[in-house]
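Notes follow the structure.
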Amino acid sequence: MRRTILTGAALLLAVTACGEQVAPPDLPAPSPEAEQSRQEEGGDPSATGTPGEEPTIEENQEPVEGEQDSPEDEATGEEGTYVFNRYGDEDGFPDLSPTDYVATPFTTFSDMEWSEWSDEVAHGEGGVSGTWCLETGCQEDPYDVEVELGDPVEVGGGTFFSTYTITDYGDMSAKTRQAMQEADDGRLSLPPSE
C-alpha cells in the first residue's frame, strides 16, 4: 500500500510539472519617447521588442555614416555622373564606367575601356552591337568603335549621361551607321523619374 501511495504521489508530481506553464520574462517598459513614436506611427504601444519590429529612430539620433537616400549611393556607394545600365538587370541601375553597357533597347556596348570619366564627359573604346545590325552578325562580332558620352541630366537625385556620339566607327559601313542613328538617335536610356 505504501508503495502505491508513493508511486501515486510521484505520478501526481510528474503530471503537475508537465502541465506547468513558464511565464514569459518581464520586458522593460518602453521609454515615453518610444511609446509616443509608436502611437504617432499607428503602432501598438504595448508591443515592445517583438521580432520583425522596425526599431524607432530617436529624434536627435545621428544617421549612420554612408546612409543616404540618393539612388546612386545605394547602388554603388560612389558619386559622379552615371549611365543607366540594363546589363544583366532589366530594371536597370546607375553605373560608373561599365565594361558591358546596355545603353538603349537597341544598342549595347561591350568590352569597354574608358580613358576618361568625368562629371561632364566620358570617352571610351570597345565593341558596339544592336538590333540595327543583326543581319551583319554584330551580336557575335561587335563593331570596334570609340564613343563619347555627354549631356548630363539630373534624374531622381542622380546625374546621368543622356547622349552618346560615336567618334570613330572603325570598319562600320555607312548603311549600318545610318541604321544605328535611326535606332536611337544617340540618346541614352535614363532611369524613370519618380
Side-chain angles (χ1 to χ4, degrees), residues 41-42 52 54-55 57 61-194:
E41 294 175 9
E54 291 290 324
I57 298 176
Q61 184 176 351
E62 293 293 320
V64 176
E65 186 176 330
E67 285 186 1
Q68 296 180 2
D69 292 334
S70 60
E72 66 274 16
D73 291 339
E74 291 175 10
T76 64
E78 300 177 38
E79 293 183 18
T81 301
Y82 294 81
V83 291
F84 188 66
N85 191 353
R86 285 196 167 98
Y87 182 79
D89 182 352
E90 66 184 35
D91 293 331
F93 57 96
D95 205 354
L96 287 171
S97 55
T99 302
D100 295 302
Y101 170 35
V102 177
T104 75
F106 311 104
T107 303
T108 300
F109 294 96
S110 57
D111 298 320
M112 294 300 298
E113 293 181 13
W114 300 96
S115 57
E116 177 183 4
W117 194 284
S118 70
D119 289 343
E120 297 300 318
V121 69
H123 291 100
E125 59 182 53
V128 68
S129 60
T131 58
W132 40 266
C133 62
L134 290 175
E135 71 278 352
T136 65
C138 66
Q139 299 301 322
E140 292 80 31
D141 187 19
Y143 291 100
D144 291 326
V145 295
E146 293 180 16
V147 64
E148 177 181 298
L149 309 181
D151 300 314
V153 296
E154 294 286 326
V155 182
T159 306
F160 293 84
F161 289 117
S162 66
T163 63
Y164 74 90
T165 304
I166 304 297
T167 56
D168 183 351
Y169 286 94
D171 63 355
M172 188 185 298
S173 71
K175 180 181 176 183
T176 305
R177 290 180 198 181
Q178 181 179 355
M180 180 183 187
Q181 181 67 24
E182 290 172 359
D184 50 33
D185 197 27
R187 309 299 291 168
L188 297 173
S189 293
L190 295 171
S193 54
E194 299 177 312

Checklist entry - Between F109 and W114, is the gap from one ring center to the other below 6.0 Å? => result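 No, too far apart.
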Can you confirm whether more than 12 heavy atoms, excluding those of E154, are under 6.0 Å from its CD atom? yes
(request) Would you indicate whether E90, at its atom CD, is surrounded by more than 12 heavy atoms from other residues, nucleotides or ligands within a distance under 6.0 Å? (result) no
Side-chain donor or acceptor of [X] paired with backbone N/O of [Y] under 3.5 Å:
| X | Y | value |
| --- | --- | --- |
| S162 | D151 | yes |
| T108 | G130 | no |
| N85 | Y87 | yes |
| W117 | T81 | yes |

Let me confirm one number: the [atom1]-[atom2] distance from [X] to [Y], rounded to the nearest 0.5 Å.
| X | Y | atom1 | atom2 | value |
| --- | --- | --- | --- | --- |
| S129 | F106 | OG | CZ | 14.0 Å |
| E125 | I166 | CD | CD1 | 12.0 Å |
| Y143 | M180 | OH | CE | 10.5 Å |

Residues at least two apart in sequence or cross-chain that pass side-chain hydrogen bond (donor to acceptor under 3.5 Å, both in side chains) with D184, listed by chain then number, are T104, T107, Y164
Task: Heavy-atom check, side chain of E148 versus side chain of V121, under 4.5 Å - done: yes
query = Side chains of M112 and V147: closer than 4.5 Å at any heavy-atom pair?
reply =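 When only atoms from C-beta onward are counted, V147 and M112 do touch, with a gap below 4.5 Å.
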Give the intermediate values and the outcome of side chain to side chain contact (heavy atoms under 4.5 Å, CB included) for residues Q139 and L134.
CA-CA 7 Å; Q139 299 301 322; L134 290 175; 3.3 Å; yes
[X] to [Y] - nearest heavy-atom pair and separation:
| X | Y | result |
| --- | --- | --- |
| F84 | S189 | CB-O, 3.4 Å |
| S118 | F161 | O-CZ, 3.4 Å |
| D168 | G170 | OD1-N, 2.9 Å |
| D119 | G80 | OD1-CA, 3.7 Å |
| D111 | D100 | N-OD1, 3.4 Å |
| A103 | L188 | CB-CD2, 3.7 Å |

Go through the steps for Y101 and D95 under the test side chain to side chain contact (heavy atoms under 4.5 Å, CB included), then give the verdict.
CA-CA 9 Å; Y101 170 35; D95 205 354; over 6 Å; no
